[in-house]
Amino acid sequence: MFKAIVLLNAQNQYGYVRNDLSHTQVHFFALNPNKSVNFPYLTSVLADLKDQDNRFNKTQNLSLFALLIAAISLTVSIADKVSAFEKSLESTAELVKQTFTGK
């Protein structure tokens with residue numbers, strides 16, 4: 001079942017049309033019984049898959065880097081707000097202390 005799904009997908013993605021407009025089947029194995037693998041065709045398909053994988057990895061790495069930058073930015077922003085809040089609490093506590101002690 002899995003082999004049929006893979007071959008159907010390969011036919012849809014890597015199949016080609018001849019000059020007489022007839023569709024041809026994808027043959028990763030050569031039609032000549034003396035040869036076992038259709039190297040030029042298989043190489044072309046593998047190069048395309050490698051190219052797709054490289055594009056996916058570059059995009060994923062760039063997205064993860066952007067996510068890291070956003071997380072660092074959020075952390076710095078929150079730390080700044082907490083620091084400002086702590087300073088305002090200290091000044092408020094000092095004001096309250098001065099008010100009640102009369103100094």
Can any side-chain N or O of [X] pair as donor or acceptor with the backbone N or O of [Y] at less than 3.5 Å?
X	Y	value
Ser73	Ile69	no
Ser83	Ala79	no
Asp53	Leu49	no

How long is the span from the [atom1] atom in [X] to the [atom2] atom in [Y], to the nearest 0.5 Å?
X	Y	atom1	atom2	value
Leu67	Ser63	CG	OG	8.5 Å
Asn54	Thr59	CG	OG1	10.5 Å
Asn61	Lys58	CG	NZ	10.5 Å
Thr75	Asp80	OG1	CG	12.5 Å
Thr92	Glu94	OG1	CD	10.5 Å

| said: Please tell me whether Leu64 and Phe56 are part of a single hydrophobic cluster in this structure, the criterion being side-chain heavy atoms less than 4.5 Å apart. | reply: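 Unlinked, Leu64 and Phe56 end up in two clusters.
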| said: Side chains of Lys50 and Leu46, heavy atoms from C-beta outward: is any pair under 4.5 Å? | reply: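 Result no, sub-4.5 Å side-chain heavy-atom pair not found.
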